[in-house]
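Each remark here refers to the structure printed beneath this line.
None of the values given here were measured: they were computed from a predicted structure. Below, all heavy atoms of this structure are taken into account, side chains as well, without hydrogens, waters or symmetry copies.
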Amino acid sequence: MESYQLINEKNLDRFYKMLSAKERNGFVIIEHNEKLPYAVLSKEKKEINHPFHLFLTMMTLGFWAIIWVYFIVSLSRKNDILVALDEDGNVFEEKCLSK
């Protein structure tokens, strides 16, 4: 049985830099594997201050509603991603299905 050792220190360094950048962006590691370098990261949904956005919508005669809807769509769901190294040593990121 062959063992592929295509993962070198340079690729691992890029992998860990990407993980630390994601953690600074608010993600939390929920699963991590050292042997097959991958990590599943999760970012919880953010609470939206609806009374404040209603006030801004009324003050701007409805124009702020576009931004408010954008916040509702983009910030009100949980975000799970997979960060890993492929067999060529490239770092990649994919969205995971959330429950």
Identify whether [X] and [Y] are in the same connected component of the hydrophobic contact network (ILVMFWY, side-chain heavy atoms under 4.5 Å).
X     : Y     : value
Phe63 : Phe52 : no
Val69 : Trp64 : no
Tyr70 : Ile72 : yes
Val28 : Leu82 : no

With rounding to the nearest 0.5 Å, note down the distance linking OG in Ser42 to CD in Glu31.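 Ser42 OG to Glu31 CD: 12.0 Å, rounded to 0.5 Å.
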Just verifying a value: how many Å separate Asp80 CG and Lys95 NZ, rounded to the nearest 0.5 Å?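 Answer for the CG-NZ pair, Asp80 versus Lys95, is 11.0 Å.
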pair [X]-[Y]: side-chain heavy atoms closer than 4.5 Å:
X     : Y     : result
Trp68 : Leu56 : no
Leu19 : Phe27 : no
Asn25 : Lys43 : yes

Matching residue for Met18 among Leu85, Leu41, Val83 - test: side chain to side chain contact (heavy atoms under 4.5 Å, CB included): Val83
For Gly89, is there any backbone N or O sitting under 3.5 Å from a side-chain donor or acceptor partner on Arg14?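 Confirmed, Arg14 side chain pairs with Gly89 backbone.
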When you measure from the side chain of Asp88 to the backbone N and O of Asn90, does any donor-acceptor pair fall under 3.5 Å? no
So which atom in Asn11 and which in Val91 form the shortest heavy-atom distance, rounded to 0.1 Å? O-CG2, 4.2 Å
For His32 versus Phe15, what's the shortest heavy-atom pair and its separation?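 Scanning both residues completely, I find the closest heavy atoms to be NE2-CE2, 4.0 Å.
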Can you list every salt bridge (Lys or Arg N to Asp or Glu O under 4.0 Å) pair that touches residues 45-61, not counting sequence neighbours?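 Pairs touching residues 45-61 that pass the test: none.
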Is it the case that more than 12 heavy atoms not belonging to Tyr16 sit under 6.0 Å from its OH atom?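 Correct, the count exceeds 12.
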Does Phe92 CZ have over 12 foreign heavy atoms under 6.0 Å away?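 Counting neighbours around CZ of Phe92, more than 12 heavy atoms of other residues, nucleotides or ligands fall under 6.0 Å, so yes.
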List in chain and number order the residues that pass ring-ring contact (aromatic ring centres under 6.0 Å, His included) with Phe71, two or more places apart in sequence or in another chain; answer none if no residue qualifies. His53
